[in-house]
Amino acid sequence: MHEGYRLLHQSVILMTQLISIWGKGGVGKSSCAAAIAYSLAVNNYSVILVTTDYVPTISKIFGARERCMTQINDIPSLYIFEVTPNEVVRMWKETFGEEVYRVISSILPVGREILDYIAGAPGLGDEFMLYIIYQKFSENEADYIVWDLPAAGDALRLLYLEKQFYEHLNDAARLYLRLKGFLSKLKRKKAPSPLELINKWRELANYIFKMLSSNEHKAILISTPEPLSIEVSKRIISDLEIFGINLSAIIVNMVLSKNLILKDVFSEKIKLQEKIIRNLKEIAANKKLMYLEVPYLTTDLSTYKNLNEFCKEIQPLIEFLMMKTKTRLK
Ligand SMILES: Nc1ncnc2c1ncn2[C@@H]1O[C@H](COP(=O)(O)OP(=O)(O)OP(=O)(O)O)[C@@H](O)[C@H]1O
Ligand SMILES: [Mg+2]
C-alpha cells in the first residue's frame, strides 16, 4: 500500500473503514461502489474496492486487465480486487487446504483430490470472500475497503451461510468431543486435533461477525424508486438489523426528473416514483439515516472517466464517510 498516502493519513485514520453496498439486482450497486471508491481515492485515501460479484463489472469500469488486486494507473491509491470462482477455489486451497487435508487424512485414507470436492461445496467460495475482506480489514493497511455486494438475495444468503457455518462448527465441536475416544483409535498418524481446526474456524467466523457489526463498518442501501426495489430494501433493512449491522445511508438511484423532456410520456412512472420516494424518505427519517437521491443519468457509466456526474450527486455521502473517519480522533 502507498506509504506516502498512509503517512499522510496515519495521524487521522486509526482503523480501516469497511463500506458495504446493498440492494436489489441492477439498482446501481456497482456504479455507486465505483463512485464511492473513486471519490475517496481522489481525496488521497487508500482504497481497496472488493467485489464478491463474479461478473466483472468493476474491473470493466476501471479498465483493469487483470482481475486480482489491481492498482489503477491514474489513481495510485485505488486498488481493485475482483476474482473468478476458480480463483476463489485456488485461494481457499492455498489458505486452508493443507490444514484441512492433514486433519481429514489423519482419520480417513484419502488423497489430496478430496480438497477439490470440499472447495467446490456450495457457498464455500462466497464465504471465503468474506474471509478475504476480514483479512484485509484486520491488516489495517487501507483507509477504506469498499465492498460491492451481489444482488440482495445472494448478499443476504452470505450472512445466513456464515451464521450456519458458525452453528455447524459448534455442532462439529460437540460431535467431535462425543466421538473423541473412537476417533483417536482411528487416527492414522500424528496430526493436529480436529478440535483445533474447528475452534480456529469458529473463532474466525466470530471475528467476521464482529467486523460486520462494528462501528468501522457502514452499510449503504441502494434502492430505485420502484415497488419491487423498495420491498427488497425493507427486507435488507430488517436482515441487517438481525445481524446487528449498522445501516448508514439510503441512496435512491435512477430518479426520473420532472424536467424530463419526455415528461408526459413518463408522467405515470414519475407519479409512482414520487410515491415510493416519500416512503423511502420516511424510512430514512425514522431510522435517522442519511438520505440521498441520484437522478437517472444520461451519460455512459461503464467507465470511471464518466463517473464524475455520479460522484457529484453522492458528494454529501463522501463527506459524511470522510468526516466519520476524522472525528474518531476527537
Ligand atoms: N443513476 C443512474 N442513471 C442511469 N443509469 C444508471 C444509474 N446508475 C446505474 N446505472 C446503470 O444501470 C445499470 C446497472 O447498474 P449496476 O451494474 O451498477 O447495478 P448493480 O446493482 O451493481 O447490478 P447487479 O445486481 O447486477 O450487480 C448499469 O448499466 C449502470 O450503468
Ligand atoms: Mg453489481
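Remember, it's 1-based here, ligands and their atoms both numbered in the order they're listed.
For the pair V294/V252, no side-chain contact is recorded, criterion being any heavy-atom separation below 4.5 Å from C-beta on.
Residues D74 and Y304 bring a donor and an acceptor atom of their side chains to less than 3.5 Å of each other. In the model, S46 has a side-chain atom that pairs as donor or acceptor with a side-chain atom of D143 under 3.5 Å. Inspection of the E319 and Q315 side chains reveals an N or O donor paired with an N or O acceptor under 3.5 Å.
Within ligand 1, counting atoms from 1 as listed, the ones closer than 4.0 Å to a heavy atom of S30 are 18 (O), 20 (P), 22 (O). Taking a cut-off of under 4.0 Å to the non-hydrogen atoms of G25, the atoms of ligand 1 that pass are 25 (O).
Counting heavy atoms only, L301 comes closest to atom 10 (N) of ligand 1 of the residues I61, L301, L149. Which of P150, A35, S302, G26 comes nearest to atom 26 (O) of ligand 1 through a heavy atom is settled by distance: it is G26. Distances from atom 30 (C) of ligand 1 to the heavy atoms of G28, S31, P295 show the closest one on S31.
Contact annotation: S30 places an N, O or S atom under 2.8 Å from the Mg ion (ligand 2).
For C32, the heavy-atom gap to ligand 1 stays at 4.0 angstrom or more. Not a single heavy atom of G23 lies less than 4.0 angstrom from ligand 1.
For an aromatic pair to be called close, the ring centres must be under 6.0 Å apart, and F96 with Y131 satisfies this. Between F243 and Y160, the ring center distance clears the sub-6.0 Å criterion.
For ligand 1, the polar-atom distance check against K29 finds a nitrogen or oxygen pair separated by under 3.5 Å.
Using a 4.0 Å cut-off between charged side-chain N and carboxylate O, K210 and E203 make no salt bridge.
Heavy atoms from both the backbone and the side chain of L297 come within less than 4.0 Å of ligand 1.
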